[in-house]
Chemist: 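Please find one structure pasted underneath; my questions will follow.
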Amino acid sequence: MNAHGTVHKYGDHVDTDVIIPARYLNTQSHQELAAHCMEDIDKTFITKVKDGDIMAAGVNFGCGSSREHAPIAIKASGISCVIAASFARIFYRNAINIGLPILECPAASKGIDDGDEVAVDFDTGIITNVTKNETYQAEPFPPFIKDMIAKGGLMASLKAKEG
């Protein structure tokens, strides 16, 4: 399992109300959520993001409310992975539960810039900044989390085991 794309970089303490503003929480449509992803911090995000791109940020990414709408909006926008120095715990759980790969790696968070081309190997945890020819080591996912992400999240994993 791998990711490879252009980075969209944000700072520290990006909260869930910035990721998907509360005024859009009256929909369950993943595409509608994606259409408004990051608009209060980066009005051009949705016009720049391409399938497979990567999001990077500083510390405490996903702080704030515990709704799953935030990681859903990010995943539905086309982001294949989020790399941050650290994540709010409930965001971390919600991201894994919906099948959005996220990696904590302070060195990568610091070294990666907006627009860099980055490749991620989820089996080894190696993050390669292709633009700068640098590598960073994140903790690889344990097999059960890789399985959940590959199947699209917790509910998809549970349905696969039932059927």
Side-chain angles (χ1 to χ4, degrees), residues 1-20 33-34 37-154:
M1 202 163 86
N2 298 309
H4 189 140
T6 302
V7 170
H8 303 270
K9 176 92 180 257
Y10 300 97
D12 295 339
H13 310 291
V14 175
D15 66 56
T16 55
D17 288 327
V18 170
I19 296 168
I20 183 65
L33 292 170
C37 187
M38 308 303 283
E39 76 179 25
D40 283 356
I41 193 173
D42 181 359
K43 293 202 180 301
T44 64
F45 170 76
I46 201 62
T47 63
K48 297 183 298 186
V49 68
K50 296 179 197 74
D51 281 346
D53 281 356
I54 294 169
M55 189 176 284
V59 298
N60 202 25
F61 186 84
C63 57
S65 61
S66 62
R67 62 178 86 96
E68 287 184 339
H69 296 76
I72 288 169
I74 291 170
K75 183 177 179 182
S77 74
I79 293 293
S80 63
C81 175
V82 180
I83 301 165
S86 64
F87 292 92
R89 292 296 94 189
I90 193 68
F91 181 88
Y92 189 94
R93 282 183 52 187
N94 284 339
I96 297 300
N97 283 347
I98 63 106
L100 174 65
I102 58 177
L103 293 171
E104 285 187 343
C105 186
S109 170
K110 184 177 179 180
I112 294 171
D113 291 318
D114 192 60
D116 285 353
E117 180 186 350
V118 169
V120 179
D121 184 326
F122 295 115
D123 291 328
T124 63
I126 294 176
I127 301 165
T128 302
N129 186 328
V130 177
T131 303
K132 296 180 179 177
N133 196 28
E134 297 175 349
T135 59
Y136 317 97
Q137 181 66 60
E139 189 68 32
F141 292 121
F144 78 95
I145 289 181
K146 283 193 283 191
D147 186 51
M148 282 177 41
I149 290 170
K151 290 179 178 163
L154 179 60

Chemist: Considering only heavy atoms from C-beta outward, does the side chain of I127 approach that of E134 to under 4.5 Å?
Modeler: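 Of all side-chain heavy-atom pairs linking E134 with I127, none is under 4.5 Å.
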Chemist: Could you report the tightest heavy-atom contact between A84 and G58, atom names first, then the distance?
Modeler: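 Smallest interatomic distance, heavy atoms only, reads CB-O, 3.4 Å.
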Chemist: Measuring from atom CZ of F91 to atom CD1 of I74, what distance do you get when rounded to the nearest 0.5 angstrom?
Modeler: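 Answer for the CZ-CD1 pair, F91 versus I74, is 4.0 Å.
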Chemist: If you define the side chain from C-beta out and look only at heavy atoms, does anything of F45 sit under 4.5 Å from S77?
Modeler: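 Answer yes - side chains close enough.
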Chemist: Surrounding CZ of R67 (heavy atoms of other residues, nucleotides or ligands, distance under 6.0 Å), is the total greater than 12?
Modeler: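 Buried by this count: over 12 neighbours within 6.0 Å.
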Chemist: A side-chain contact here means heavy atoms from C-beta on lying under 4.5 Å apart; do M55 and V49 qualify?
Modeler: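 No. Closest side-chain heavy atoms not under 4.5 Å.
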Chemist: How many angstroms lie between atom CD1 of I149 and atom CZ of F141, to the nearest 0.5 angstrom?
Modeler: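 Answer rounded to 0.5 Å: 4.0 Å.
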Chemist: Could you measure the distance from the CG atom of N2 to the OG1 atom of T124? Nearest 0.5 Å is fine.
Modeler: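 It comes to 8.0 Å.
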Chemist: Closest approach of E68 and P71, non-hydrogen atoms and distance?
Modeler: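 Heavy-atom minimum between the residues: O-CD, 3.1 Å.
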Chemist: Does C105 offer a backbone N or O that forms a donor-acceptor pair with the side chain of E139 under 3.5 Å?
Modeler: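 The answer is no, because no donor-acceptor pair under 3.5 Å joins these two groups.
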Chemist: Taking the side chain as C-beta and beyond, is there a heavy-atom pair between F61 and I102 under 4.5 Å?
Modeler: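 SC-SC contact between F61 and I102 ruled out.
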Chemist: For C81 and V120, which heavy atoms make the closest approach, and how far apart are they?
Modeler: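 So the two residues come closest at SG-CG2, 4.4 Å.
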Chemist: Backbone N or O of S65 within a donor-acceptor pair of the T16 side chain at under 3.5 Å?
Modeler: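 Yes, T16 side chain to S65 backbone: donor-acceptor pair under 3.5 Å.
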Chemist: Any side-chain heavy atom of Y10 within less than 4.5 Å of one from V18?
Modeler: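 Sidechains of V18 and Y10: no contact.
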Chemist: What's the spacing between D40 CG and I20 CD1 if we round to 0.5 Å?
Modeler: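 Taking CG in D40 and CD1 in I20, the distance rounds to 9.0 Å.
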Chemist: In plain terms, say whether K9 and D116 are close enough for a salt bridge, that is, a side-chain N and a carboxylate O under 4.0 Å apart.
Modeler: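 Salt bridge between K9 and D116, a charged N being under 4.0 Å from a carboxylate O: no.
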Chemist: So how far is it from I72 CD1 to N94 CG, rounded to the nearest 0.5 Å?
Modeler: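 That separation rounds to 8.0 Å.
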Chemist: How about NZ on K132, more than 12 heavy atoms from neighbouring residues, nucleotides or ligands closer than 6.0 Å, or not?
Modeler: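 Yes - once you tally the heavy atoms of other residues, nucleotides and ligands closer than 6.0 Å, there are more than 12.
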Chemist: Can you see which heavy atom on M148 is nearest to which on N97, and at what distance?
Modeler: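 So the two residues come closest at CE-OD1, 3.9 Å.
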Chemist: To the nearest 0.5 Å, what is the distance between CD1 (I98) and CZ (R93)?
Modeler: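 If I round to the nearest 0.5 Å, the distance is 14.0 Å.
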Chemist: In plain terms, say whether D53 and K48 are close enough for a salt bridge, that is, a side-chain N and a carboxylate O under 4.0 Å apart.
Modeler: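 So D53 does not pair with K48 through a salt bridge.
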Chemist: Below 4.5 Å, heavy atoms only, C-beta onward: do I83 and Y136 meet side chain to side chain?
Modeler: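 No, side chains not in contact.
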Chemist: Please test I19 against M38 for side-chain contact (heavy atoms from CB on, under 4.5 Å), starting from the C-alpha separation and ending with a verdict.
Modeler: CA-CA 5 Å; I19 296 168; M38 308 303 283; 4.0 Å; yes
Chemist: Mind checking what makes side-chain contact (heavy atoms from CB on, under 4.5 Å) contact with N60, not counting sequence neighbours?
Modeler: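 Counting only residues at least two positions away or on another chain, N60 forms a side-chain contact (heavy atoms from CB on, under 4.5 Å) with H13, C63, A88.
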Chemist: Side chain of S80, backbone of I54: donor and acceptor closer than 3.5 Å?
Modeler: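 Pair absent, no side-chain N/O of S80 close to backbone of I54.
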Chemist: Contact between V59 and S86 at the side-chain level, heavy atoms closer than 4.5 Å - yes or no?
Modeler: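 Yes. Closest side-chain heavy atoms under 4.5 Å.
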